[in-house]
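What follows is a short report on a single structure.
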Amino acid sequence: GADMITSSSQDTLATQITDITSTYSGVTYNATTGSFYKYVNSSVSWTTADTAAVATVINGVAGHLVQINNVTENSAMNTLAGGNDVWQGINDTVTEGVFLMIGGPMNGIQIWQGLGVDAGGANRNSAYTNWDTGTGPDNPDDGNGGGTQDYVLQDNGNLWRDYSNTNSDRYVIEWEGSLLLSADTTTTINGGTGNDTITCGAGQEYIILADWGAGNADTINSYDKTD
């Protein structure tokens with residue numbers, strides 16, 4: 001029969017990424033990590049940085065201080081920050097020596113137990129860490145036992161250290177792409193015989209025509225044809 005088909009708006013992943021990075025100043029996307037990031041070149045305490053990250057919202061999704069999960073992301077964050085020190089979304093303020101991820105989908109997951117490796121510390125939950133182990137006691141060293149260093153920083157050179165909240169440093173905000181991007185979808189429509197009308201919505205649709213029936217007067221509205 002004579003069918004009328006109206007498309008909803010569904011952009012490709014590439015278009016969605018471009019929309020976000022062009023709309024939100026300073027936001028970049030890393031295809032390898034699958035996350036969006038924003039480097040903030042302003043030196044503040046960890047708690048101030050954390051508050052600012054959560055208040056920075058993209059399409060309804062709050063940010064969080066970056067949580068580095070592998071060597072690739074560790075290197076990428078050092079490059080993004082131009083080698084400057086940046087706060088991470090990790091601390092042990094709840095229980096001394098129990099380092100937890102703070103904010104985002106991984107909030108509350110423990111990544112480390114104890115002080116440095118030389119003091120019996122170790123990863124938890126197969127987490128990635130890159131503590132500085134070459135300048136005195138291994139990090140985290142909690143101020144060499146002073147009990148004041150609870151907040152994790154990626155130091156210049158990719159190494160991690162624990163610092164006090166009285167320190168002022170730059171920071172990186174992260175948003176997981178899985179929370180902001182919708183997967184490309186494919187819909188197969190069989191209009192049958194008769195005259196069909198397809199109206200495209202905003203965004204990008206790809207229409208593959210199979211068996212464009214002879215004698216039918218099918219119409220596609222609001223569509224720029226590209227071979």
* Please walk me through it: do I17 and L181 pass side-chain contact (heavy atoms from CB on, under 4.5 Å)? -> CA-CA 8 Å; I17 291 166; L181 302 175; 3.9 Å; yes
* Asked: Is there a side-chain contact between P140 and R161 (heavy atoms, below 4.5 Å)?
  -> no
* Asked: Just by modelled atom types, is the T18 backbone N or O under 3.5 Å from a matching donor or acceptor in the T21 side chain?
  -> yes
* Compare every heavy atom of D142 with every heavy atom of T148, then report the nearest pair and how far apart it is. => N-OD1, 3.4 Å
* Asked: Under 4.5 Å between any side-chain heavy atoms of N123 and I111, yes or no?
  -> no
* Structure fact -> Closest non-hydrogen atoms of N165 and S45, given as atom of the first, atom of the second and distance, are O-CB, 3.1 Å
* To do: Would you give the length of the straight line joining atom OH of Y171 to atom NZ of K38, rounded to the nearest 0.5 angstrom?
  => 8.0 Å
* Do the side chains of Y39 and V27 join up, straight or via other hydrophobic residues, at under 4.5 Å, putting them in one cluster? -> no
* Test item: S22 side-chain N/O and D19 main-chain N/O as donor-acceptor pair under 3.5 Å -> yes
* Is there a side-chain contact between Y128 and N74 (heavy atoms, below 4.5 Å)? -> yes
* Side chain proximity check, D155 to Y163, heavy atoms < 4.5 angstrom -> yes
* Does G114 offer a backbone N or O that forms a donor-acceptor pair with the side chain of W112 under 3.5 Å? -> yes
* Please lay out, stage by stage, how L80 and V172 fare under the test side-chain contact (heavy atoms from CB on, under 4.5 Å). => CA-CA 9 Å; L80 179 64; V172 173; 4.0 Å; yes
* **Backbone of L65 reached by a side-chain donor or acceptor of Q88 within 3.5 Å** => no
* Between D162 and L153, is any pair of side-chain heavy atoms under 4.5 Å apart? -> no
* Structure fact -> Residues D141 and Q149: closest non-hydrogen pair is OD1-OE1, 3.0 Å
* Asked: When the ring centroid of F99 is compared with that of W131, is the distance short of 6.0 Å?
  -> yes
* Shortest non-hydrogen contact from V66 toward W87 -> CG1-O, 3.9 Å
* To do: Report the C-alpha distance between T166 and S164 in whole Å, list the side-chain angles of each, state the deciding distance to 0.1 Å, and finish with yes or no for side chain to side chain donor-acceptor pair (under 3.5 Å).
  => CA-CA 5 Å; T166 58; S164 168; 3.0 Å; yes
* Asked: Do any N or O atoms from the side chain of N78 and from the backbone of S75 form a donor-acceptor pair under 3.5 angstrom?
  -> no
* Asked: Cluster question for you: counting only ILVMFWY and a side-chain heavy-atom cut-off of under 4.5 Å, with indirect links fine, are I90 and L100 together?
  -> no
* ILVMFWY network linking V117 to L115, side-chain heavy atoms under 4.5 angstrom -> no
* CA sep, side-chain torsions, deciding dist, call: W160, D132, side-chain contact (heavy atoms from CB on, under 4.5 Å) -> CA-CA 6 Å; W160 299 11; D132 182 1; over 6 Å; no
* Asked: Do the side-chain N and O atoms of T48 and T51 include a donor-acceptor pair separated by under 3.5 angstrom?
  -> no
* Structure fact -> Of all heavy-atom pairs linking Q110 and N125, the shortest is O-ND2, 2.7 Å
* To do: Treat each ILVMFWY residue as a node, draw an edge where side-chain heavy atoms are under 4.5 Å apart, and state whether M101 and V94 are in one component.
  => no
* Aromatic ring proximity, centroids under 6.0 angstrom, Y151 and W46 -> yes
* To do: Verify whether one side chain among D150 and N91 offers a donor that lies under 3.5 Å from an acceptor in the other.
  => no
* **Reported CG-to-OG1 distance for the pair L159 and T129, which is rounded to 0.5 angstrom** => 11.0 Å
* In Å, rounded to the nearest 0.5 Å, how long is the span from CD of Q113 to OG1 of T95? -> 8.5 Å
* Asked: Looking at side-chain heavy atoms only, is the closest gap between Q154 and R170 below 4.5 Å?
  -> no
* Cluster check M106, V54: I/L/V/M/F/W/Y, side chain < 4.5 angstrom -> no
* **4.5 Å side-chain heavy-atom contact, E174 and F36** => no
* Could you tell me whether the side chain of N69 and the main chain of Q67 form a donor-acceptor pair under 3.5 Å? => yes
* To do: Taking the side chain as every heavy atom from C-beta outward, state whether Y37 and M77 have any atom pair closer than 4.5 Å.
  => yes
* So, for P105 and L179, which heavy atoms are closest and what is the spacing to 0.1 Å? -> CG-CD1, 3.9 Å
* Kindly determine whether N130 and V71 satisfy side-chain contact (heavy atoms from CB on, under 4.5 Å), including the steps that lead there. => CA-CA 8 Å; N130 195 43; V71 65; over 6 Å; no
